[in-house]
Undergrad: 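Okay, handing you the structure first.
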Amino acid sequence: SSSPTALEGDPITLTYATPQATRVVLSDSTGQTLLDTTTDLNGMLLVNPSGVPTTTYTLRAEGFAGPVTDTVLTMLTPRVRADLSANPAGGKVATGTSITLTWSTTDAASATLSATDSSGTSSLSTMLSGATMVTPTEDTTYTLDATGSNADTARATVVVDIFDPATIDSFSASPNPAPNGDAVTL
């Protein structure tokens, strides 16, 4: 038997060969029977270990000489997670508005926060978590890429669209100053 490792949420294939058996029973560490057969004595079974770091699978083969058992210990490696948020949120900000980007990773060995606009992509940080203030002058996509020690990757993205705020080019009164009680044209 061996100890296969899988990423959290990924299935594991258990393969068995019991040529002299008359019955095969496969169960997990909780005691749940996953397979109980007298006909499928050689084969494989796809299992999904559920959220626990390790699961032991026990194969019991029964035959004319009595039962034998073997176990396989499976290990789950947590998936890398990447979280990125912007404040103010909402995706649209006026030209000149500063935005605070906050990011964090889980189970990452490395991370890169980058900004992409019409001039290309630039790196803002390689910290696994943090916060920084930016003032984009054009539509910009901020991306957090995280990589785990097992080469698992995760990505989070925030898109910020810039708009020009409304302006008042002119506003006046005529006559200025207006005599008391006279009409004014705006």
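Please read these numbers as outputs of a predicted model, since none were measured by experiment. Nothing fancy with the numbering, it's 1 onward along the sequence.
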Undergrad: Quick one: does Pro88's side chain get under 4.5 Å of Val93's, heavy atoms only?
TA: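 With C-beta onward as the side chain, the pair touches.
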
Undergrad: Mind checking whether Thr13 and Leu45 have side chains closer than 4.5 Å, heavy atoms only?
TA: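 A side-chain contact is absent here, since even the closest heavy-atom pair is not under 4.5 Å.
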
Undergrad: Going by the rule salt bridge (charged side-chain N to carboxylate O under 4.0 Å, His left out), which residues pair with Asp10 if we only count those two or more places apart in sequence or in a different chain?
TA: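 Once residues adjacent in sequence are excluded, the partners of Asp10 under the salt bridge (charged side-chain N to carboxylate O under 4.0 Å, His left out) criterion are Arg79.
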
Undergrad: Among residues at least two apart in sequence or on other chains, which ones pass side-chain hydrogen bond (donor to acceptor under 3.5 Å, both in side chains) with Thr116?
TA: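 By the side-chain hydrogen bond (donor to acceptor under 3.5 Å, both in side chains) rule, Thr116 matches Thr121.
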
Undergrad: Do you reckon Leu34 sits in the same ILVMFWY cluster as Leu59, going by side-chain contacts under 4.5 Å, direct or chained?
TA: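 Both belong to a single hydrophobic cluster.
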
Undergrad: Under a 4.5 Å cut-off applied to non-hydrogen side-chain atoms, are Tyr57 and Leu26 in contact?
TA: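 In short, these two side chains touch, coming nearer than 4.5 Å.
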
Undergrad: Donor-acceptor pair, Thr37 side chain versus Thr39 backbone, under 3.5 Å?
TA: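 Yes; at least one donor-acceptor contact below 3.5 Å.
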
Undergrad: Does either side chain, that of Thr112 or that of Ser114, offer a donor lying less than 3.5 Å from an acceptor on the other one?
TA: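 No.
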
Undergrad: Show me the pairs that pass salt bridge (charged side-chain N to carboxylate O under 4.0 Å, His left out) and involve residues 80-108, at least two apart or across chains.
TA: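 Residue pairs with at least one partner in residues 80-108: Glu8-Arg81.
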
Undergrad: Can you name the side chain to side chain contact (heavy atoms under 4.5 Å, CB included) partners of Ser98, sequence neighbours left out?
TA: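 Expected list: Met133, Thr135.
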
Undergrad: With a 3.5 Å cut-off and sequence neighbours excluded, list the donor-acceptor pairs that the side chains of residues 136-143 form with protein atoms.
TA:
from   : atom 1 : to     : atom 2 : distance (Å)
Glu138 : OE1    : Ser118 : N      : 3.2
Glu138 : OE1    : Ser118 : OG     : 2.5
Glu138 : OE2    : Ser118 : OG     : 3.1
Asp139 : OD1    : Ile162 : N      : 2.7
Thr140 : OG1    : Glu138 : O      : 2.7

Undergrad: Please, which pairs that meet salt bridge (charged side-chain N to carboxylate O under 4.0 Å, His left out) have at least one residue in residues 24-44, sequence neighbours excluded?
TA: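 Sorted result for residues 24-44: Arg23-Asp36.
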
Undergrad: Shared ILVMFWY cluster between Tyr16 and Val25, side chains joined below 4.5 angstrom?
TA: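 Result: no, two separate clusters.
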
